[in-house]
Participant: 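What follows is a single structure, and I will ask about it in a moment.
We count ligands from 1, going down the list as the structure has it; atoms in each ligand are counted the same way.
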Amino acid sequence: MKKIITYGTFDLFHFGHLRLLQRAKALGDYLVVAVSTDEFNAVKGKKCTYPYEHRAKIVEAIKYVDEVIPEHIWEQKIDDVKTHDIDIFVMGDDWKGKFDFLKDYCEVVYLERTKDISTTQVKTTIINGK
Ligand code: C2G
């Protein structure tokens, strides 16, 4: 069984998130998603609309996702890859190169980011009412 892992905040879940998870799952048989906790998002400088519990439950409900774990710190990735026996680490290509150190432990794949959608854009659209 080929196991995949990816990480993210997944706030205000949108089509870009869905396409990332869909393409990540297509690379293997089992997809683990590490969802950033509210505390870790503060470290990332991200203010979430939805709390961790809600973001994790929404991601867990996505048919491509097999398991959700919390992302507490930047440094947990090597342990996660080992603990979950991961074959492929996947991120959107806005992170290209940032996690190449994981190549010592698993395959690293950066998938093209979906254009013209982001959590920030969703918020702006709602605020501006258009
Ligand atoms: N993404 C995408 N297309 C978009 C928006 C996001 O492919 N239009 C991808 C991102 O590249 C990322 C995933 O969806 O792989 C989750 O995006 P975010 O929730 O913004 O995650 P981020 O804040 O980048 O957290 O340790 C890694 C971090 O936790 C990543």
Participant: Starting from atom 15 (O) of ligand 1, find the nearest protein heavy-atom neighbour and note its residue, name and distance.
Facilitator: Gly92 N, 2.9 Å
Participant: Is the closest heavy-atom distance from Arg19 to ligand 1 below 4.0 Å?
Facilitator: no
Participant: Among Arg113, Lys98, His14, which one puts a heavy atom closest to atom 2 (C) of ligand 1?
Facilitator: Arg113
Participant: Report the part of Lys46 in contact with ligand 1, treating N, CA, C, O as backbone and CB onward as side chain, heavy atoms under 4.0 Å; options are side chain, backbone, both, neither.
Facilitator: side chain
Participant: Looking only at non-hydrogen atoms, which of Leu21, Thr37, Thr9, Leu20 approaches atom 9 (C) of ligand 1 most closely?
Facilitator: Leu20
Participant: Got a donor-acceptor contact below 3.5 angstrom from the Glu107 side chain to the Lys103 backbone?
Facilitator: no
Participant: Indicate yes or no: at least one non-hydrogen side-chain atom of Lys123 is less than 4.5 angstrom from one of Leu12.
Facilitator: yes
Participant: Give the residue, atom name and distance (to 0.1 Å) of the protein heavy atom nearest atom 25 (O) of ligand 1.
Facilitator: Lys44 NZ, 2.9 Å
Participant: Who's the nearest protein heavy-atom neighbour of atom 24 (O) of ligand 1, and how far?
Facilitator: Trp95 NE1, 2.9 Å
Participant: Measure the distance from atom 19 (O) of ligand 1 to every protein heavy atom, then report the residue, atom name and distance (to 0.1 Å) of the closest one.
Facilitator: Phe10 N, 2.8 Å
Participant: Looking only at protein heavy atoms, identify the closest one to atom 3 (N) of ligand 1 and say how far it is in Å.
Facilitator: Thr114 N, 3.1 Å
Participant: So is Ser36 touching ligand 1 or not, going by heavy atoms under 4.0 Å?
Facilitator: yes
Participant: Ignoring hydrogens and angles, state whether a donor on the side chain of Thr9 or Asn41 is under 3.5 Å from an acceptor on the partner side chain.
Facilitator: yes
Participant: So which protein heavy atom does atom 11 (O) of ligand 1 come closest to, and at what separation?
Facilitator: Asp94 OD1, 2.6 Å
Participant: Short N/O distance, under 3.5 Å, between Met91 and ligand 1?
Facilitator: no
Participant: Other than Tyr30, which residues form its hydrophobic cluster under the rule that side-chain heavy atoms must be closer than 4.5 Å?
Facilitator: Met1, Ile5, Tyr7, Val32, Phe40, Val43, Ile69, Trp74, Ile78, Val81, Ile86, Phe89, Met91, Trp95, Phe99, Phe101, Leu102, Tyr105, Val108, Tyr110
